[in-house]
Amino acid sequence: MSEPQLQVDEIRNRVIEVKAIRFGDVLPHPRNPKIHPQSQREVFRGAVRELGFASVPVAYYSEMNGGELTWGDGHLRGSEVADYVGEVAIL
């Protein structure tokens, strides 16, 4: 038996804004244990060289980081292309 469809009024849009930000200005999450191996970084670099960016990374204002913008998704971009200014969805 399938679940009933979502109703539009049930959906919360958590995005408060999308704006261009220097990726290096967004802080890493202090509890993110993921360390990208060199091989994954190389794949990332190759994909960006070939395709560019086709999605928007996600950040939020973190109490844990003193209210600063913190990566929720996309922190590899912050370390690999810190000087790049691109759109970030802020939750």
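Here the closest heavy-atom approach between residue G74 and residue P57 is recorded as CA-CB, 4.1 Å. Between P30 and N65, the shortest heavy-atom distance links the atoms CD-ND2, 3.7 Å.
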Which atom pairs, donor and acceptor, lie under 3.5 Å between side-chain atoms of residues 9-19 and protein residues at least two apart or in another chain?
from: E10; atom 1: OE1; to: Q7; atom 2: N; distance (Å): 2.5
from: N13; atom 1: OD1; to: V15; atom 2: N; distance (Å): 3.0

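Sorted by first and then second residue, the salt bridge (charged side-chain N to carboxylate O under 4.0 Å, His left out) pairs involving residues 54-66 (not counting sequence neighbours) form an empty list.
Scanning for salt bridge (charged side-chain N to carboxylate O under 4.0 Å, His left out) contacts around D25 gives R22, with sequence neighbours left out. In terms of the side chain to side chain donor-acceptor pair (under 3.5 Å) criterion, S62 has no residue partners (sequence neighbours excluded). Under the rule for a ring pair (Phe, Tyr, Trp, His ring centres under 6.0 Å), Y61 has no partner lying at least two apart in sequence or in another chain. Partners of S39 according to the side chain to side chain donor-acceptor pair (under 3.5 Å) rule, which considers only residues two or more places apart in sequence or in another chain, do not exist here.
Residue I21 is grouped with residue V48 when hydrophobic side chains (ILVMFWY) are merged at heavy-atom distances under 4.5 angstrom, including chains of intermediate members. At a threshold of 4.5 Å between side-chain heavy atoms, the hydrophobic network of Ile, Leu, Val, Met, Phe, Trp and Tyr places V58 and Y60 in one connected group. No single ILVMFWY cluster, assembled from side-chain heavy atoms under 4.5 Å apart, contains both I90 and V56.
Between E87 atom CD and S55 atom OG the span is 11.5 Å, to the nearest 0.5 Å. Taken to the nearest 0.5 Å, the CD1 atom of I35 stands 11.5 Å off from the CD atom of Q40. For the atom pair W71 CH2 and S79 OG, the distance stands at 9.5 Å (nearest 0.5 Å).
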I would like to know whether L27 and L69 meet side-chain contact (heavy atoms from CB on, under 4.5 Å); could you show each step before the answer?
CA-CA 6 Å; L27 300 178; L69 273 177; over 6 Å; no
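Distance alone, capped at 3.5 Å, is enough to place a donor-acceptor pair between the T70 side chain and the E68 backbone.
Each of H36, H75, R45 was compared with E80 under the side chain to side chain contact (heavy atoms under 4.5 Å, CB included) criterion, and only R45 meets it.
Taking the six-membered ring where the residue is Trp, F23 and F53 present tilted rings, their angle falling between 30° and 60°.
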